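Structure first, commentary second.
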Amino acid sequence: MTGRPSSCLAKVNEIVTVEIITVFFAFSLPLTQFGTQQLVYSKLCEQTFSSNQTTVQRCIQKNTASQLAEFQQVEADTSQWSIYMNIALIVPSLFTTIFIGAYVDKYGFYLPLRLCLAGALAGFIFLSVIASTNLSHAYILVAMAVISLFGHGATIFTTTVAYVACDSETDSTRKSIRVGIVIACVVLAVSVSVTLLGLIIDHLGIQWVFYLGSTSLFLGLLDSIFRLRPPNRHKPTGNHPPSSETHTGLAKIREVCSFSLVSNYGLVLFSKRQDSKRLHLHLMTAVFVLSFCAFTGVLDVEFLYLTKENGFTNTHYGIFMGTSGFLTFIGSTAGMYLTRKKLRLPLPVIVLIGSISSVVTYAGWSLVKSHELFWFFNTFKLFAALTPVGARSYISDCVELTEQGSIMSFVSVIESVFKLIASFVFNGIYPLTLSSWPGLVLMIAAGLCVIDLPVLVYLWYNDSKIAKQSANDVCSESNSSLLLTQNYDSDDNILSPTS
């Protein structure tokens, strides 16, 4: 009887690996994005209307019956501060993430994962202090830089997707489904978090957002220390032993923080590969970049767009985005299982379905004003999650098992770079359109996803042609072997004494 609970726990640890850590970390993501945006907006309201507390509350609650120009200026300033916050959150993580893949490929996942969670926890504690006191909103940039310095989301997604790739070994379908599960965990945690966000702000206060985020990150850090097992297969590259007996922690860090080693990323990207895989790797990376720019650009402005321009309350916004996330969760789990496992659709087709869904969602949001129609177009998020899941799986399939850390690190780096670019573009355009068409930025996002469509059709066509050619080659080899065997049999009959 005493051995049964430990046996059950061992089975759970075998099946559930990085997913729990991903949930705890992802829970903090919307608190970083929307929580800090709301904190800046509130601080700017206090700064702009400090002489009249009634006006401050009307500004925070978005009651714009009067003083519309002043309130729109606060909204525009908040959009500009989103750029500054993204710079603080992204630039330090770029230097960290560049070396993460090299470390993961050589020594494993644990140190980057734990440092990332610890850094995010420290940043959230500081945000809690800022929200609870009269400290200026400028200090938010310091907190974001602390979070970023240890890698933030780029490190988490590099390590977790590379972990899943190694743990799934060479089973491409299983890997696709497990990557879908990891992204679904992210989406589910974000959905719950963003749903609670509006309720917490409206009923408890903005500081409780960061108290909750700190708790979630602390639990994730504990899980990474005491429960996470090594992946089923992780082979370090080269002649570098993975054991800490020959390399101390600092020695490992010094070794991977070498630009000569980082130059190996170029080899991963540009080395010759069989069956046009290098070209396909580049094309799917381009698809991923465009869809990510559209997604993160919309993410930067949708809080202001929905709450300030379309009358959503914080609670209504939280429920709306939580529902959106829940639909994405279903799409990335059940949708990926159905399309990949049951229907056996090629990955480019799966990504194509997701891209079309994103086009419909963004274009619809840009044109409507009715809340009912916002909810209608929100339902297309059910399939939009297929794009990042399918694209990551396809990119992973294009490289070797020992290159998973490097390629996922590169993907995280370009995510960070293009998140910053999208932030400049979308937050730069959005304030200029407030008096004319605020939805223009969403139509731009839809246009970016449209560009992906012909590229995905080409990848689908070319993969099908390569698969058909490979099948013909196998058939030809089989026929040649059969003919050769028959010839040997004929020769044996000729030489046989009984003939």
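Note that the structure is predicted; figures quoted are calculated from it, not measured. One-based numbering along the sequence shown.
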Using a 3.5 Å distance criterion without hydrogens, assess whether the side chain of Tyr394 forms a donor-acceptor pair with backbone atoms of His280. no

Between Ser396 and Ile407, is a side-chain contact (heavy atoms from CB on, under 4.5 Å) present by the stated rule, with each step listed? CA-CA 7 Å; Ser396 176; Ile407 194 62; 5.6 Å; no

Intermediate values then yes/no, side-chain contact (heavy atoms from CB on, under 4.5 Å), Leu367 and Met443: CA-CA 8 Å; Leu367 296 171; Met443 190 59 76; 4.0 Å; yes

Output all residues satisfying side-chain hydrogen bond (donor to acceptor under 3.5 Å, both in side chains) with Gln33, sequence neighbours left out; order by chain, then residue number. Asp300

Considering residues, nucleotides and ligands other than Lys342, do more than 12 of their heavy atoms fall under 6.0 Å from its NZ? no

Do Phe312 and Phe303 have ring centres separated by under 6.0 Å? no

Is it true that Tyr430 and Gln80 share a donor-acceptor pair across their side chains at a distance under 3.5 Å? no

For Asn427 and Ser423, indicate whether the former's side chain and the latter's backbone hold a donor-acceptor pair under 3.5 Å. yes

When every non-hydrogen atom of Pro388 is compared with those of Ala385, the smallest separation belongs to CD-O, 3.2 Å

Assess, by modelled atom type and distance only, whether the side chains of Lys381 and Ser324 contain a donor and an acceptor separated by less than 3.5 Å. yes

After noting the C-alpha distance and the side-chain angles of Val194 and Leu29, does the key distance pass the side-chain contact (heavy atoms from CB on, under 4.5 Å) rule? CA-CA 9 Å; Val194 79; Leu29 286 176; over 6 Å; no

Please examine the side chains of Thr379 and Trp375, heavy atoms only from C-beta on, and report whether any two atoms are closer than 4.5 Å. no

Take atom CZ in Phe295; do more than 12 heavy atoms of anything else shown fall under 6.0 Å from it? no

Donor-acceptor check, side chain of Ser357 to backbone of Ile353, threshold 3.5 angstrom: yes or no? yes

Around atom CZ of Phe374, are there more than 12 heavy atoms of other residues, nucleotides or ligands at under 6.0 Å? yes

So, the side chain of Ser148 versus the backbone of Ser93: is there a donor-acceptor pair under 3.5 Å, distance only? yes

Any side-chain heavy atom of Tyr362 sitting closer than 4.5 Å to one from Leu448? no

Between Leu117 and Ser224, the two heavy atoms sitting closest are CD1-OG, 3.9 Å

Taking the side chain as C-beta and beyond, is there a heavy-atom pair between Leu386 and Val351 under 4.5 Å? no

Could you measure the distance from the CG atom of Leu420 to the CD1 atom of Ile90? Nearest 0.5 Å is fine. 4.5 Å

Inspect the surroundings of CZ in Phe377 and state if more than 12 heavy atoms from other residues, nucleotides or ligands are less than 6.0 Å away. yes

Quick check for you: to the nearest 0.5 Å, what is the distance between Thr32 atom OG1 and Phe27 atom CZ? 11.0 Å

Reported CH2-to-CD distance for the pair Trp365 and Glu302, which is rounded to 0.5 angstrom: 5.5 Å

Between Val359 and Phe380, is a side-chain contact (heavy atoms from CB on, under 4.5 Å) present by the stated rule, with each step listed? CA-CA 9 Å; Val359 171; Phe380 289 90; over 6 Å; no

Which value, rounded to the nearest 0.5 Å, describes the distance between Leu89 atom CG and Leu149 atom CG? 11.5 Å

What's the shortest heavy-atom distance between Gly322 and Thr195, and which atoms? CA-OG1, 3.0 Å

Heavy-atom donor-acceptor pair, Asn310 side chain to Tyr305 backbone, under 3.5 Å: yes

Taking the six-membered ring for Trp, are Phe320 and His371 ring centroids under 6.0 Å apart? no

Return the minimal non-hydrogen interatomic distance between Leu442 and Ser366, and the atom names on each side. CB-CB, 3.7 Å

Met284 and its side-chain contact (heavy atoms from CB on, under 4.5 Å) partner, picked from Ile395, Val455, Val289, Leu347: Ile395

For residues His152 and Phe25, establish whether the separation of their ring centroids is below 6.0 Å. yes

Look only at the side chain of Ser216 and the backbone of Phe24, and say whether a donor-acceptor pair between them is shorter than 3.5 Å. yes

For His316, does its backbone N or O pair with a side-chain atom of Thr313 as donor and acceptor, under 3.5 Å? yes

Would a 4.5 Å heavy-atom cut-off, applied to side chains only, mark Leu197 and Gln38 as touching? no

Quick check against the 3.5 Å criterion: does Arg344 have a side-chain atom that pairs as donor or acceptor with the backbone of Thr339? no

Should Glu309 and Leu304 count as side-chain neighbours, where that means a heavy-atom distance under 4.5 Å? no

Do you know the tightest heavy-atom contact between Ala446 and Ala363? CB-N, 3.9 Å

Side chain Ser193, main chain Ala189, donor-acceptor under 3.5 Å: no

Quick check: do Leu345 and Arg340 have side-chain heavy atoms less than 4.5 Å from each other? no

Heavy-atom pair with the smallest gap, counting every atom of Val209 and Leu31: O-CD1, 3.4 Å

Does any part of the side chain of Leu299, heavy atoms only, come nearer than 4.5 Å to the side chain of Phe34, both counted from C-beta? yes

Going by the side-chain contact (heavy atoms from CB on, under 4.5 Å) test, name the single residue among Leu39, Asn86, Thr36, Leu141 that passes it with Trp81. Leu141

Let me confirm one number: the CZ-OG distance from Phe326 to Ser191, rounded to the nearest 0.5 Å. 8.5 Å

Once you measure the plane-to-plane angle for Phe292 and Phe288, does it fall in the parallel (<30°), tilted (30-60°) or perpendicular (>60°) bin? parallel

Look up atom CD in Glu75 and atom CG in Asp77, then write down how far apart they are to the nearest 0.5 Å. 10.0 Å

Within a strict 4.5 Å, meaning less than it, do heavy atoms of the Ile87 and Phe424 side chains meet? yes

Exam field: side chain Ser355 to backbone Leu453, donor-acceptor pair closer than 3.5 Å: no

Suppose we screen for salt bridge (charged side-chain N to carboxylate O under 4.0 Å, His left out). Which residues come up paired with Glu415, at least two apart in sequence or across chains? Arg392

Scan side-chain atoms only and decide if Ser82 and Gln37 contain a donor-acceptor pair under the 3.5 Å cut-off. yes

